[in-house]
Amino acid sequence: MYAYIKGTIEEIAEDAVVVEAGGIGYNIKISTATAALLPGVGNEVKIYTYTLVREDAFALFGFLTRDDLEIFKKLIAVSGIGPKGGLAILSVMSADDLRFAVMAGDAKAIAKAPGIGKKTAERVVLELRDKISLEDTLNGIGVPADETGTAAGAQGGDNLMRREAIEALVALGYSASDATAAVKKVEITENATSETILKLALKHMF
């Protein structure tokens, strides 16, 4: 129903924020991680929203990036994970952390979220494994977009070099999740090559 809400923060709680926009105060449920990143009361904020409509409930769930919103949608599509569980997981790990955990089959990391047991975490890994890819992480879905909607630094050539570096690291015996995390830390310069990215990424593997 609402793609996003942009307005002034009126109240901040651990699990919710009230944003006034157009004279209306929207009570938006958020993760504790999002709450910690919000500017203070009185500041303007843009929150991407998911609207839950049921016979017994109408609620808004908010996120600071489209990436978090999209990963939340994937989470609540997992059997046994509702909106509350989705926020709980995103309270203890970022969207990228979750992708890495799913790709690595690390259910223990997901199970650290309050209210998420071992079996539920294993179900998240199982059901999201085919819905999350290295390409999602490489494309930096969560990178802030400029006014034209273009993600900063999301150049096709850069992504190709990053992918080649990741493949090289995997060939060396590193896990796909560790390799992706290391490569993402490398700043791409004008004269960068797959080889230089690989060498710099290796420094982040220790």
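In this chain, residues are counted from 1 in sequence order.
Classified by interplanar angle (parallel below 30°, tilted 30° to 60°, perpendicular above 60°), the ring pair Phe72/Phe63 is tilted.
Electrostatic pairing of Lys119 and Glu122 does not count as a salt bridge here, judged by no charged N lying under 4.0 Å from a carboxylate O. Of the charged side-chain nitrogens involved, none lies within less than 4.0 Å of a carboxylate oxygen, so that Asp106 and Lys108 do not count as a salt-bridged pair. The residues Lys74 and Glu70 are annotated as not salt-bridged, no charged nitrogen and carboxylate oxygen being separated by less than 4.0 angstrom.
From Arg99, atom CZ reaches atom CG of Leu128 across 11.0 Å, with rounding to the nearest 0.5 Å. Ile47 contributes atom CD1, which lies 11.5 Å from atom CG of Asp68 (distance to the nearest 0.5 angstrom). Put simply, CD1 on Ile5 and OG1 on Thr49 are 5.0 Å apart, with the number rounded to the nearest 0.5 Å. Remark: Ile132 CD1 to Ile71 CD1 distance equals 4.0 Å, nearest 0.5 Å.
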- Query: Would Leu60 and Asn27 count as a side-chain contact (heavy atoms from CB on, under 4.5 Å) if you check the C-alpha gap in whole Å, the side-chain angles of each, and the deciding distance to 0.1 Å?
  - Reply: CA-CA 7 Å; Leu60 288 173; Asn27 190 342; over 6 Å; no

- Assess whether side-chain contact (heavy atoms from CB on, under 4.5 Å) is satisfied between Thr34 and Phe61, documenting all intermediate values. CA-CA 11 Å; Thr34 295; Phe61 295 84; over 6 Å; no

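When the shell of 6.0 Å around CD of Glu195 is examined, it contains 12 or fewer heavy atoms from other residues, nucleotides or ligands.
With hydrogens and angles ignored, the 3.5 Å screen pairs a side-chain donor or acceptor of Arg162 with a backbone N or O of Val183.
Remark: Tyr48 engages no residue in a ring-ring contact (aromatic ring centres under 6.0 Å, His included) (not counting sequence neighbours).
Leu37 and Ile9 fall within the same hydrophobic cluster, where Ile, Leu, Val, Met, Phe, Trp and Tyr residues are linked whenever their side-chain heavy atoms come under 4.5 Å apart, directly or through other members.
Proximity of Ile89 to Ser31: side-chain heavy atoms (C-beta onward) are nowhere separated by under 4.5 Å. Under the 4.5 Å side-chain criterion, counting only non-hydrogen atoms from C-beta, Leu69 is not in contact with Tyr4.
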